[in-house]
S.K.: 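Before we start, here is the structure in question, set down as structure tokens.
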Amino acid sequence: MNVKVNDRFNFDVELEQKLLKVDGVELQIDSTTLADGHTHVIYNNKSYNIELVSEDKAEKKSVVKVNGTLYEVAIEDQYDLLLKQLGLDNTKANKMLEVKAPMPGLVLNIMVAEGQEVNKGDNLLVLEAMKMENILKSPSSGTVKKVLVNKGVKVEKNEVLIQFS
């Protein structure tokens, strides 16, 4: 797999069982997993305290702190590399073009308008289902192309609510 650190340094990393190779060189490390995302590593007689600060599994990105210094780490496995070769890289493959109703319900509020720019995680609309209000969020960043429902309208499961361009 390809590991990119701080958008500048690329490494070819292989991990099989307890054998770690970086750029074809086998590394001898001694590691101990501690609590809450902390690990202690000894490499070349030097001690490293490593903490997993944040992790985005969908984007395959993490922020780790090594001896007090933060590093952004992005991982591409063989499937990501294959998708890139085929022209279907992750950013294109993960971009949603529409939001569908996850269940039947009543549209209580619409929080976006056509032509509006939204970011991943922004609130789009409120859907009442089984006497609970559910806020539907944007699955990706983009522009709202069309809002296909109105406030106060009942919708069915899998009905398209909002389209993105």
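Computation of the quantities below employed the complete heavy-atom set of this structure, encompassing side-chain atoms and omitting hydrogens, waters and symmetry-equivalent molecules.
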S.K.: Give, for atom CG of Leu124 and atom CG of Leu161, the distance between the pair rounded to the nearest 0.5 Å.
M.R.: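 Between Leu124 CG and Leu161 CG, I get 9.0 Å after rounding to 0.5 Å.
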S.K.: Minimum heavy-atom separation for Lys137 to Gly121, with atom names?
M.R.: CD-O, 3.6 Å
S.K.: Within the 4.5 Å heavy-atom criterion, are Glu59 and Lys120 side-chain neighbours or not?
M.R.: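 Touching, per the 4.5 Å side-chain cut-off.
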S.K.: Taking the side chain as C-beta and beyond, is there a heavy-atom pair between Asn49 and Glu51 under 4.5 Å?
M.R.: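 No. Closest side-chain heavy atoms not under 4.5 Å.
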S.K.: Check Ser31 against Thr39 and note the closest heavy-atom contact, atom names and distance.
M.R.: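 Nearest heavy atoms, Ser31 then Thr39: CB-CG2, 4.2 Å.
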S.K.: For Asn2 and Asp12, run side-chain contact (heavy atoms from CB on, under 4.5 Å): C-alpha distance rounded to whole Å, both residues' side-chain angles, the deciding distance at 0.1 Å, then the answer.
M.R.: CA-CA 5 Å; Asn2 183 35; Asp12 181 37; 5.7 Å; no
S.K.: Under 3.5 Å, side chain of Asn134 to main-chain N/O of Glu128, donor-acceptor pair present?
M.R.: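 No; judged by distance alone, with no hydrogens or angles, the pair does not exist.
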S.K.: I'd like to know if Val147 and Leu108 are part of one continuous hydrophobic network [Ile/Leu/Val/Met/Phe/Trp/Tyr, side-chain heavy atoms within less than 4.5 Å].
M.R.: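 Shared cluster, no.
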S.K.: When you look at Asn150 and Val107, which way does the side-chain contact (heavy atoms from CB on, under 4.5 Å) test go after all the steps?
M.R.: CA-CA 7 Å; Asn150 293 315; Val107 177; over 6 Å; no
S.K.: Using modelled atom types only, decide if a donor and an acceptor are shared between the side chain of Asn109 and the backbone of Leu125 within a distance under 3.5 Å.
M.R.: no
S.K.: Going from CG on Leu27 to NZ on Lys21, what distance comes out if it is rounded to the nearest 0.5 angstrom?
M.R.: 10.5 Å
S.K.: So for atom CD, which belongs to Glu26, do other residues, nucleotides or ligands contribute more than 12 heavy atoms lying within a distance under 6.0 Å?
M.R.: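 Yes - once you tally the heavy atoms of other residues, nucleotides and ligands closer than 6.0 Å, there are more than 12.
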S.K.: Set out, in order, the CA-CA distance, both residues' side-chain angles and the distance that settles side-chain contact (heavy atoms from CB on, under 4.5 Å) for Glu159 and Val149, then state yes or no.
M.R.: CA-CA 10 Å; Glu159 184 176 333; Val149 293; 4.1 Å; yes
S.K.: Return yes if some donor-acceptor pair links the side-chain N/O of Thr143 with the main-chain N/O of Gly115 below 3.5 Å, else return no.
M.R.: no
S.K.: Quick check: closest heavy atoms across Asn158 and Lys100, and the distance to 0.1 Å?
M.R.: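 So the two residues come closest at O-CD, 3.5 Å.
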S.K.: Taking Glu72 for its side chain and Lys61 for its backbone only, find out whether a donor-acceptor pair lies under 3.5 Å.
M.R.: no
S.K.: Does the side chain of Lys154 reach to within under 4.5 Å of the side chain of Pro104, using non-hydrogen atoms?
M.R.: no
S.K.: How many angstroms lie between atom NE2 of His38 and atom OG1 of Thr33, to the nearest 0.5 angstrom?
M.R.: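 These two atoms lie 12.0 Å from each other.
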S.K.: If two hydrophobic side chains count as joined below 4.5 Å and joins carry through other members, does Ile50 share a cluster with Phe9?
M.R.: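 Looking at the clustering, Phe9 is in the same group as Ile50.
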S.K.: Would Met132 end up clustered with Ile110 when hydrophobic side chains under 4.5 Å apart are linked, directly or stepwise?
M.R.: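 Different clusters.
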S.K.: Mind listing the closest non-hydrogen atom pair of Tyr43 and Tyr48 along with its distance?
M.R.: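 Nearest heavy atoms, Tyr43 then Tyr48: O-CE1, 3.9 Å.
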S.K.: In sequence, state the C-alpha distance, the side-chain angles, and the governing distance for Ile135 and Val126, and then conclude on side-chain contact (heavy atoms from CB on, under 4.5 Å).
M.R.: CA-CA 5 Å; Ile135 298 175; Val126 179; 4.2 Å; yes
S.K.: Taking the side chain as every heavy atom from C-beta outward, state whether Ser138 and Val144 have any atom pair closer than 4.5 Å.
M.R.: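 A side-chain contact is absent here, since even the closest heavy-atom pair is not under 4.5 Å.
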S.K.: Write down the atom of Lys145, the atom of Phe164, and the distance for their closest heavy-atom approach.
M.R.: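 Smallest heavy-atom distance, with atoms named: CB-C, 3.8 Å.
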S.K.: Same cluster or not: are Val63 and Phe11 linked, directly or through other Ile, Leu, Val, Met, Phe, Trp or Tyr residues, by side-chain heavy atoms under 4.5 angstrom apart?
M.R.: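 Different clusters: Val63 never reaches Phe11 through Ile, Leu, Val, Met, Phe, Trp or Tyr contacts under 4.5 Å.
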S.K.: What's the separation between atom CG in Asp122 and atom CD in Gln116, rounded to the nearest 0.5 Å?
M.R.: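 Reported value, rounded in 0.5 Å steps: 8.0 Å.
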S.K.: In Å, rounded to the nearest 0.5 Å, how long is the span from OG of Ser140 to CG of Leu97?
M.R.: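 One finds 7.5 Å between OG of Ser140 and CG of Leu97.
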S.K.: Within this structure, what is the NZ-CG distance for the pair Lys60 and Asp77, rounded to the nearest 0.5 Å?
M.R.: 3.5 Å
S.K.: Which atom pair, heavy atoms only, marks the closest approach of Glu156 to Ala101?
M.R.: O-CB, 3.4 Å
S.K.: Under 4.5 Å between side-chain heavy atoms, hopping through other hydrophobics if needed: is there a path connecting Val5 to Val22?
M.R.: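 Both belong to a single hydrophobic cluster.
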